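Single-structure report; data block below.
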Amino acid sequence: MKQEQSSAKKITNVKQACTLYYQAIKAGKTTPLLSTKESLKLLHQEGTFTYSERLNKKEYETSLAKLQIELVKLQDYLLNSGKRLVVICEGRDAAGKGGAIKRFTEYLNPRHAKVIALDKPSDREQGQWYFQRYIDHFPSAGEIVFFDRSWYNRAGVERVMNFSSKDDLARFYQQAPLLESMLVESDIVLVKFWFTVEKLEQLRRFHERMSSPLKQWKLSPMDFEALEKWDEYATARDDMFKFTDKKSTPWITINSNDKRRARIHAIRHLLSQFDYPDKDNKLVNEIDNNIVLFKHN
């Protein structure tokens with residue numbers, strides 16, 4: 001343990017840190033290497049993240065509380081107007097999708113705001129049209145549905161791990177924009193978030209989960225396989241953007257190296273899509289374009 005701790009103190013760059021994390025994860029060693037603060041500092045030094053430290057906790061909690069009040073106002077507006085909202089949360093493993101969804105939904109009425117996180121398809125579902133099991137969960141009037149992963153599994157994990165064929169993928173690229181266009185034409189608001197994270201911070205979070213009895217459930221054998229396929233996932237993401245980032249249904253990338261900033265500005269973006277009564281425009285419109293990225297193609 002002393003040797004591992006002394007190694008951690010000598011970490012001076014991102015490449016070195018990633019190597020040490022790979023070694024520790026493969027060996028099953030759980031001694032901490034870097035704190036969140038230290039990880040962000042390294043990323044900032046190498047120019048891959050704008051901020052050198054996390055958003056101040058007090059500022060984060062104050063902003064979050066105010067924005068969650070706005071989310072309650074938004075839900076009231078949706079219920080009164082009958083409008084429907086679908087929010088897709090996709091992204092890198094350990095990029096903070098689940099934590100963001102939790103902050104979105106924390107004070108919403110659960111009867112009208114649902115989180116859908118589907119397991120792998122059943123035998124029956126495998127014989128259905130690919131999108132069918134997702135359509136079953138689309139919102140009725142006044143409802144919000146958050147997809148924690150979605151039909152974009154086909155463009156990501158299924159492609160990288162060879163769970164679908166090239167024909168399946170080509171059909172998906174053709175059909176997904178058509179399906180989403182039909183949603184918009186039916187007056188369903190669709191917001192697609194892609195949560196991104198640098199490799200170092202992903203590794204740090206994976207390593208942290210290994211040692212936490214409260215977070216180990218988030219890890220699967222496939223997660224460890226995915227660590228070796230960083231570049232393959234990047235290529236899959238880029239192709240997904242190429243085929244499905246449309247003017248009417250754009251992808252919104254959220255830089256989640258700092259989860260606090262990611263949550264705050266993802267909420268702000270979602271709220272900015274609506275003109276609801278008593279909206280605090282000043283609060284909502286303070287979107288940080290270092291965290292929220294709008295254009296891909």
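Owing to the predicted nature of the structure, the values given are computational and were not obtained by experimental measurement.
Residue I254 is grouped with residue V115 when hydrophobic side chains (ILVMFWY) are merged at heavy-atom distances under 4.5 angstrom, including chains of intermediate members. Under the 4.5 Å side-chain heavy-atom criterion for ILVMFWY residues, a single connected hydrophobic cluster contains both W129 and Y134. Clustering ILVMFWY residues whenever any of their side-chain heavy atoms sit less than 4.5 angstrom apart, transitively, puts I69 in a cluster other than the one holding L74. L203 is not connected to V197 by any chain of hydrophobic side-chain contacts under 4.5 Å among Ile, Leu, Val, Met, Phe, Trp and Tyr, and they are in different clusters. The hydrophobic cluster containing V145 does not contain L79, counting ILVMFWY residues as joined when their side-chain heavy atoms lie under 4.5 angstrom apart, directly or transitively.
Residues R84 and D187 are not paired through a salt bridge, judged by the lack of any N-O separation under 4.0 Å between the basic side chain and the carboxylate. A salt bridge links K114 with E143: the distance from a Lys NZ or Arg NE/NH1/NH2 to an Asp or Glu carboxylate oxygen falls below 4.0 Å. Using a cut-off of 4.0 Å between Lys/Arg side-chain N and Asp/Glu carboxylate O, D76 and K73 are scored as not salt-bridged. With salt bridges taken as basic N to acidic carboxylate O contacts below 4.0 Å, none links E59 and R54. We find that K215 and E208 are joined by a salt bridge, their nearest charged nitrogen and carboxylate oxygen being less than 4.0 Å apart. The existence of a salt bridge linking E53 and K41 is excluded, since no basic side-chain nitrogen approaches an acidic carboxylate oxygen closer than 4.0 Å. The pair R149-D93 meets the salt-bridge criterion, with a side-chain N (NZ, NE, NH1 or NH2) lying under 4.0 Å from an Asp/Glu carboxylate O. Ion pairing between a basic and an acidic side chain is recognised when a charged N comes within 4.0 Å of a carboxylate O; E70 and R268 show no such pairing.
In this structure, a donor-acceptor pair under 3.5 Å is present between the side chains of E180 and W151. Side chains of D238 and T235: no donor on one and acceptor on the other come within 3.5 Å. Neither side chain, W230 nor Q202, offers a donor N or O lying under 3.5 Å from an acceptor on the other. Side-chain polar atoms of E106 and Q68 form a donor-acceptor pair below 3.5 angstrom.
Using bins of under 30°, 30° to 60° and over 60° for the plane-to-plane angle, the ring pair F294/H269 lands in the tilted bin. Ring geometry for Y276 against Y77 counts as tilted: the plane angle lies between 30° and 60°, on a 0 to 90° scale.
Not one N or O on the side chain of T105 forms a donor-acceptor pair closer than 3.5 Å with the backbone of L108. With hydrogens and angles ignored, the 3.5 Å screen pairs a side-chain donor or acceptor of N257 with a backbone N or O of E198. The backbone N or O of S52 lies less than 3.5 Å from no partner atom in the side chain of K37, so there is not a single donor-acceptor pair. No donor-acceptor distance shorter than 3.5 angstrom exists from the side chain of Y130 to the backbone of D168, with no hydrogens or angles considered. Looking at E90, its side chain never comes within 3.5 Å of a backbone N or O of F195 through a donor-acceptor pair. Between the side chain of Y21 and the backbone N or O of L34, at least one donor-acceptor pair lies under 3.5 Å. No donor-acceptor pair under 3.5 Å is formed between the side chain of S256 and the backbone N or O of K259. Using a distance-only test at 3.5 Å, with no hydrogens or angles considered, no donor-acceptor pair links the side chain of D148 to the main chain of G98. Formation of a donor-acceptor pair under 3.5 Å by the T48 side chain with backbone atoms of H44 is not found in this model. At least one donor-acceptor pair closer than 3.5 Å links the side chain of S186 to the backbone N or O of M182.
At least one side-chain heavy atom of Y51 sits under 4.5 Å from a side-chain heavy atom of D288. Considering only heavy atoms from C-beta on, V189 stays 4.5 Å or farther from V87 through its side chain. Counting only heavy atoms from C-beta outward, the side chains of L42 and I11 approach each other to under 4.5 Å.
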Trace of the side chain to side chain contact (heavy atoms under 4.5 Å, CB included) decision for Y107 with L71: CA-CA 8 Å; Y107 295 104; L71 285 167; over 6 Å; no

Walk me through it: do Q75 and N109 pass the test side chain to side chain contact (heavy atoms under 4.5 Å, CB included)? CA-CA 8 Å; Q75 186 175 46; N109 185 333; 3.5 Å; yes

Run the side chain to side chain contact (heavy atoms under 4.5 Å, CB included) check on K199 and Y22 step by step: do they pass? CA-CA 11 Å; K199 184 186 291 187; Y22 273 124; 3.7 Å; yes

Please report the C-alpha distance between F172 and Y152 in whole Å, then the side-chain angles of each, then the deciding distance to 0.1 Å, and finally whether the side chain to side chain contact (heavy atoms under 4.5 Å, CB included) criterion is met. CA-CA 9 Å; F172 174 83; Y152 282 100; 3.6 Å; yes

Assess whether side chain to side chain donor-acceptor pair (under 3.5 Å) is satisfied between Q126 and S122, documenting all intermediate values. CA-CA 6 Å; Q126 288 180 11; S122 66; over 6 Å; no

Given E201 and S39, is the side chain to side chain donor-acceptor pair (under 3.5 Å) satisfied, shown in steps? CA-CA 7 Å; E201 186 58 14; S39 174; 2.7 Å; yes

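Between the CZ atom of R204 and the CG atom of L43 there is a distance of 10.0 Å, given to the nearest 0.5 Å.
The local environment of CG in N281 is crowded, with over 12 non-hydrogen atoms from other residues, nucleotides or ligands closer than 6.0 Å.
With a 6.0 Å cutoff to the six-membered ring centre and a 45° limit on the axis angle, R261 does not count as a cation-pi contact of Y60.
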